[in-house]
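Because the structure is predicted, anything quoted here is derived from the model rather than measured.
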Amino acid sequence: MITKDKHSTRNLLLLLLYVGSLAVYAVVRFNGLWGENDMSVLAEMIETMVKSAELVPANAYTQGYGYPAIATFLIHMTGITTTQFQLLLVPLLAAWVVLPAWLFYRELLRDERLASLATVLLLIQPDLLFVLLRSSHEKFTRGLMLLGYYLLLRSLRSRQRLGTFAGLVFAFYATCYALITVNNLIAISYIVGTALAVLILQGVQRVIEGALSADFLRRMGYVLLTMLLIALTFTYFIYAPSKVGIDLFTSIPERISLLFFNATRSDGVGGVNPYRVVGLNWPSTTVYLLLSAANWLVLAVSGLLWLHTTYQLWRGQVQFHYTQWVLWSLYSAFAAMTAMAILIDASGFLGANLQLRIFPAFGMLAAPLIAQSVRLPVRGRRTFALLGGMGLTVLCILSVIKATNEPTISNNWIFATEQEVEGLNWVRQHGTTGGVWTDYNERINKIYKLVNVANPVETTLRFTSQAQLANNLLISDLVRERSLRFNQPLPVETDHLKVYDNGSTDIYHRRPKSAFDQ
Amino acid sequence: MAQQTSITVGRKAHSTSNHDVGLIVAIIGGMLLAMVWSPLGWLRLPLALPFVLYLPGYGLTSTAFARQDALSTVERNGIAIGLSLAIITLIAPVLSWLGVGIGFRPILVSELLVIAFGLVGMLVRRQQLGDAAYAPDLSNLVRHHWLTIGAALLLCGAVAYTFTTLPTAPYTEFYILQDERVADYPRAAVVGEPLAVDLFVVNREQAAQTYRYEIVVVDSWGEQKSTLLFAGEPFDVAMHQTYTTRAEWQMPAIGDDQQVLFHLYLNDQLYRELSLWINVDDTNSP
């Protein structure tokens with residue numbers, strides 16, 4: 001039986017508005033020119049699918065066709081461009097995650113008010129907010145994961161009504177298939193985490209007899225086996241690029257890490273060391289820790305609560321409803337996977353970004369674990385609620401700053417200005433050979449490629465990271481600010497020719513040194 | 001609360017026919033109209049979003065969970081969106097295997113078929129179940145769900161704002177080219193020899209502007225450090241228009257590394273500046 005909350009509809013709407021507002025803020029803050037490598041690469045894949053109308057175009061996404069297909073459907077029906085889709089529409093779609101999150105937490109906690117609180121705790125975690133707000137497949141993978149869990153638990157609650165039960169089972173497998181097509185590796189790591197949870201529950205069943213029904217565990221086993229079969233069939237037989245992607249990894253440990261932990265090689269594409277970038281992206285570790293406070297608080301509080309609960313279970317002091325067992329076991333499983341991921345990351349043996357990928361899933365389970373332990377005191381209820389609300393608001397603001405890489409604090413700028421794009425358009429239209437230098441990193445290049453995804457730049461514009469080899473250099477106000485912040489000299493020499501000026505962006509042309517130079 | 005509302009609403013609904021079907025038909029009709037009639041083009045985005053992300057799943061959800069007490073409204077909405085996403089991932093390979101491709105028409109037709117299938121199933125189940133069927137009464141929508149409608153309108157407003165009113169910074173582009181290229185600018189000259197580049201002013205200031213330009217030479221080695229070589233007359237450039245001229249000048253004195261500056265003025269204020277470096281000799285060197 002679920003405890004109803006007369007304000008649940010209002011709370012849900014407020015949550016939807018909260019995420020919707022964040023998405024609008026993320027877009028407007030950077031004038032719609034917010035992007036990084038993954039967004040740029042995915043935009044190219046979407047554009048290829050839109051133009052070729054093929055499920056497996058030349059540069060197909062190796063981890064599934066789901067996201068490009070969803071994008072293609074929306075682009076054709078709405079009439080917008082791939083660039084508009086990636087830069088403007090996709091961030092706004094983040095709001096949909098509120099619904100599956102709330103529904104899953106309602107099933108887990110059997111209380112609508114606690115479900116709302118758990119959803120708030122989920123949506124203040126900056127790392128999750130970042131992946132939800134940016135234009136990638138993750139708002140769909142995370143949302144579908146939550147919806148899958150909800151449907152599974154809801155079907156367990158509806159077994160006495162065959163029609164509803166059958167509908168929920170159908171919806172569950174359809175959701176799982178969608179998740180696998182959007183990102184098969186995230187889906188498999190989700191299945192592995194859930195399988196680990198079921199194994200933990202099998203162990204619990206042996207220690208605490210009658211804790212869970214054998215029927216429940218058997219069904220969970222069948223469900224996982226079916227999901228794993230679908231995932232592996234998709235990876236190896238249905239979608240050829242997936243297999244190619246895995247075959248790139250030659251050793252068995254690498255393949256296992258890729259398949260079951262969704263890891264990439266430390267030297268591979270996307271193998272960003274999440275521990276090292278802290279020092280590069282933020283002015284100090286203190287600032288990073290402050291902005292990530294919601295992550296660490298959720299991690300620490302949920303860890304302590306889990307330890308306390310586990311001790312009580314061990315001593316036989318508490319009785320669990322099966323949904324509490326599900327939450328406890330899922331949390332244990334994903335906590336173990338995250339811990340393993342951090343160890344593997346630290347060793348550098350298999351991957352370098354494991355925890356980055358597994359942590360958001362862990363955060364999804366930490367939120368309800370905390371929410372279920374919240375008890376408002378009888379006296380001072382309002383004061384407690386007010387203080388809690390203020391604390392959550394502060395955490396929310398800090399998280400938004402981190403999730404959007406607010407440039408006044410973050411060194412990791414992932415936006416460009418219209419004038420920078422216009423400056424590059426000019427170089428592209430009139431420039432000659434020799435390449436163009438744009439910044440100390442690929443900030444502008446990635447966004448420029450995203451903006452021009454319908455008209456690829458490769459043949460007409462060559463970016464170079466070595467200023468001394470560039471024929472043209474783009475120096476904008478942002479580049480000057482970055483130069484000051486990183487204490488790096490601007491690569492412009494005194495005798496460079498300044499041939500373009502739009503107020504905030506200049507193009508410098510290398511002064512010819514010989515008769516053969518242009 | 002949500003479940004109670006849907007029960008109450010559902011009971012009233014059966015006698016007041018299938019309002020949701022009417023709304024779905026209106027959304028699809030409006031979207032198709034917006035696709036073919038450009039004055040309504042602005043409606044395409046807000047109507048196509050539910051067409052792709054909600055309606056296919058709504059029909060199937062209403063068929064599979066036809067009883068009004070099977071699921072709450074929130075559950076129905078969550079499942080409808082999830083199923084709509086799942087349907088895309090199922091349709092896409094089918095279109096590909098059929099050989100029709102994932103293009104505009106196959107997508108439109110397949111989504112319409114799925115929605116139609118869902119609606120037929122939904123209507124059949126409603127007929128079978130009678131008063132027990134889920135059938136939201138939209139005539140009371142505003143009274144019962146004003147908050148939902150308000151939030152939906154706010155979200156739509158956010159989408160519209162994001163798409164239509166992203167501020168465009170006003171600015172002017174000022175640049176020089178030689179034969180349409182960023183290359184072959186004058187690098188050496190003889191005193192008194194005419195030099196020239198193509199000079200461009202692009203007005204992106206959101207209003208017509210009056211500009212003028214000057215050419216100045218700076219010889220850091222010479223006695224007179226800065227010499228005005230040319231002062232042009234003011235010229236008007238309409239919004240989003242480009243002004244082009246052949247800027248010509250002569251170098252007044254011998255000397256290496258002389259900097260030629262092109263100053264663009266707006267309202268008599270120096271607004272933009274470009275520069276070239278030129279070595280000047282008294283004769284043409286071989």
Practice problem: Would you please test Ile81(B) and Leu99(A) for side-chain contact (heavy atoms from CB on, under 4.5 Å) and show each step? | Solution: CA-CA 9 Å; Ile81(B) 298 173; Leu99(A) 282 180; 3.9 Å; yes

Quiz item: Once you round to the nearest 0.5 Å, how far does NE2 of His509(A) lie from CD1 of Ile176(B)?
Solution: 10.0 Å

Quiz item: Can you name the ring pair (Phe, Tyr, Trp, His ring centres under 6.0 Å) partners of Tyr177(A), sequence neighbours left out?
Solution: none

Quiz prompt | Test item: Asn502(A) and Thr172(B) side chains (from C-beta on) under 4.5 Å apart, heavy atoms | solution = no

Exercise. Give, as side chain, backbone, both or neither, the part of Phe170(A) having an atom under 4.5 angstrom from any heavy atom of chain B.
Key: side chain

Quiz item: Of the backbone (N, CA, C, O) and the side chain (C-beta and beyond), which part of Leu43(B) lies under 4.5 Å from a heavy atom of chain A, both, or neither?
Solution: neither

Exercise. Counting only heavy atoms closer than 4.5 Å, note whether Asp506(A) contacts chain B via side chain, backbone, both or neither.
Key: neither

Quiz item: Non-hydrogen atoms of chain B under 4.5 Å away: do they reach the side chain of Leu93(A), the backbone, both or neither?
Solution: side chain

Quiz item: Quick one: CZ on Phe172(A) to CD1 on Ile79(B), what's the gap to the nearest 0.5 Å?
Solution: 12.5 Å

Practice problem: Pick one of side chain, backbone, both or neither for Phe73(A), based on which atoms fall under 4.5 Å of a heavy atom in chain B. | Solution: both

Quiz item: So which part of Asp179(B) gets closer than 4.5 Å to some heavy atom of chain A, the side chain, the backbone, both or neither?
Solution: neither

Quiz item: Hey, does the side chain of Asp501(A) reach the backbone of Glu273(B) with a donor-acceptor pair shorter than 3.5 angstrom?
Solution: yes

Quiz prompt | Arg161(A) side, atom CZ; Phe65(B) side, atom CZ - distance, nearest 0.5 Å | solution = 11.5 Å

Quiz item: When rounded to the nearest 0.5 angstrom, what distance separates CZ in Phe262(B) from NZ in Lys498(A)?
Solution: 12.5 Å

Exercise. Please determine, among Gly41(B), Pro46(B), Ala48(B), the option with the most heavy-atom pairs under 4.5 Å with chain A.
Key: Ala48(B)

Practice problem: Could you check which of Leu264(B), Leu177(B), Leu261(B) has the highest count of heavy-atom pairs closer than 4.5 Å to chain A? | Solution: Leu177(B)

Quiz prompt | Interatomic spacing from CG in Leu53(B) to CD1 in Ile70(A) - rounded to 0.5 Å | solution = 8.0 Å

Self-check item: Thr9(A) vs Thr73(B) side-chain heavy atoms within contact, under 4.5 Å
Solution: no

Quiz prompt | Gap separating the CD atom of Glu75(B) from the CH2 atom of Trp102(A), nearest 0.5 angstrom | solution = 8.0 Å

Quiz item: Just wondering, do Val499(A) and Tyr175(B) contact through their side chains at under 4.5 Å, heavy atoms?
Solution: no

Quiz item: Can you say whether Tyr150(A) sits under 4.5 Å from chain B via the side chain, the backbone, both, or neither, judging by heavy atoms?
Solution: side chain

Quiz item: With a 4.5 angstrom heavy-atom cut-off, which part of Leu151(A) approaches chain B: side chain, backbone, both or neither?
Solution: side chain

Exercise. Look at Arg67(B), Arg44(B), Met35(B) and state which one has the largest set of heavy-atom pairs under 4.5 Å with chain A.
Key: Arg44(B)

Self-check item: Residue part contacting chain B, namely of Phe140(A), when any heavy atom lies under 4.5 Å
Solution: side chain

Quiz item: Which region of Thr181(A), side chain (C-beta onward) or backbone (N, CA, C, O), has a non-hydrogen atom less than 4.5 Å from a non-hydrogen atom of chain B, or is it both or neither?
Solution: side chain

Quiz prompt | Contacting moiety of Leu168(A), where chain B heavy atoms sit under 4.5 Å | solution = both

Practice problem: Please flag which part of Phe174(B) lies under 4.5 Å from any non-hydrogen atom of chain A: side chain, backbone, both or neither. | Solution: both

Quiz item: Which pair of non-hydrogen atoms, one from His496(A) and one from Trp277(B), has the smallest distance, and what is that distance?
Solution: O-NE1, 3.5 Å

Practice problem: List the steps and the verdict of side-chain contact (heavy atoms from CB on, under 4.5 Å) for Asp257(B) and Thr494(A). | Solution: CA-CA 10 Å; Asp257(B) 299 330; Thr494(A) 320; over 6 Å; no

Quiz item: Are any non-hydrogen side-chain atoms of Arg187(B) and Arg511(A) less than 4.5 angstrom apart?
Solution: no

Self-check item: Side chain, backbone, both or neither of Ser275(B) within contact of chain A (heavy atoms, under 4.5 Å)
Solution: both

Self-check item: Which atoms of Leu147(A) approach chain B - backbone, side chain, both or neither, heavy atom under 4.5 Å
Solution: side chain

Quiz item: Looking at Gln259(B), Arg272(B), Arg204(B), Gln178(B), which makes the most heavy-atom pairs under 4.5 Å with chain A?
Solution: Arg272(B)

Practice problem: May I ask you to test the Val427(A)-Val182(B) pair for a side-chain heavy-atom distance under 4.5 Å? | Solution: no

Quiz item: Quick one: are Ser72(B) and Lys4(A) in side-chain contact, heavy atoms under 4.5 Å?
Solution: no

List, one per line, each side-chain donor-acceptor pair under 3.5 Å for residues 85-111 of chain B, sequence neighbours excluded.
unit_1, atom_1, unit_2, atom_2, d
Thr89(B), OG1, Ala86(B), O, 2.7
Ser110(B), OG, Pro106(B), O, 2.7
Ser110(B), OG, Ile107(B), O, 3.0

Practice problem: List the atom of Leu83(B), the atom of Ala174(A), and the distance in Å for their closest heavy-atom pair. | Solution: CD2-CB, 3.9 Å

